K.L.:
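One structure, as structure tokens, below. Some questions next.
All of these numbers come straight from a predicted model, not from anything done at the bench.
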Amino acid sequence: MFKEIKYIIFVFIIGLFIFFTAKYYFSDAYKKKSYRSLNNIENKINTYSEKLPILEDDTKNIIEYVEQTTNKKKKKFNFWKLLENNE
């Protein structure tokens with residue numbers, strides 16, 4: 001009997017927690033507060049972005065192209081010959 005009452009109390013407490021959490025997050029006061037917070041962050045980003053210095057681009061003509069030679073000698077691998085020699 002005591003075990004069942006304990007489980008009912010646990011379920012009741014968890015239910016109350018979920019109910020009050022949902023009530024808080026779906027309330028109009030929380031929506032207003034979160035919107036104001038997002039709006040303040042956006043305003044801060046705009047003010048900081050106006051203060052950022054613009055750096056001069058110094059990467060013009062920095063790439064040097066190298067001509068590749070096509071006369072490379074490819075080493076031939078003789079895998080089957082190695083197996084034949086080990087027998």
K.L.:
Please work out whether the ring planes of Y30 and Y24 are parallel, tilted or perpendicular, with thresholds of 30° and 60°.
P.N.:
tilted
K.L.:
Hydrophobic clusters here meaning ILVMFWY residues chained together by side-chain heavy-atom distances under 4.5 Å, can you tell me if F17 and I9 are in one?
P.N.:
no
K.L.:
Should I13 and Y7 be counted in the same cluster of Ile, Leu, Val, Met, Phe, Trp and Tyr side chains packed under 4.5 Å apart?
P.N.:
no
K.L.:
Would you give the length of the straight line joining atom CD of E42 to atom CG of L38, rounded to the nearest 0.5 angstrom?
P.N.:
8.5 Å
K.L.:
What distance do T21 atom OG1 and L16 atom CG have between them, rounded to the nearest 0.5 Å?
P.N.:
10.0 Å
K.L.:
Nearest heavy-atom pair of F26 and K31: which atoms, and what distance?
P.N.:
O-CE, 4.0 Å
K.L.:
Contact between N43 and T47 at the side-chain level, heavy atoms closer than 4.5 Å - yes or no?
P.N.:
no
K.L.:
Report whether Y25 and Y35 are members of the same hydrophobic cluster (ILVMFWY, side-chain heavy atoms less than 4.5 Å apart, transitive linking).
P.N.:
no
K.L.:
Can you measure from CD1 (I8) to CD (E4) and round to the nearest 0.5 angstrom?
P.N.:
7.5 Å
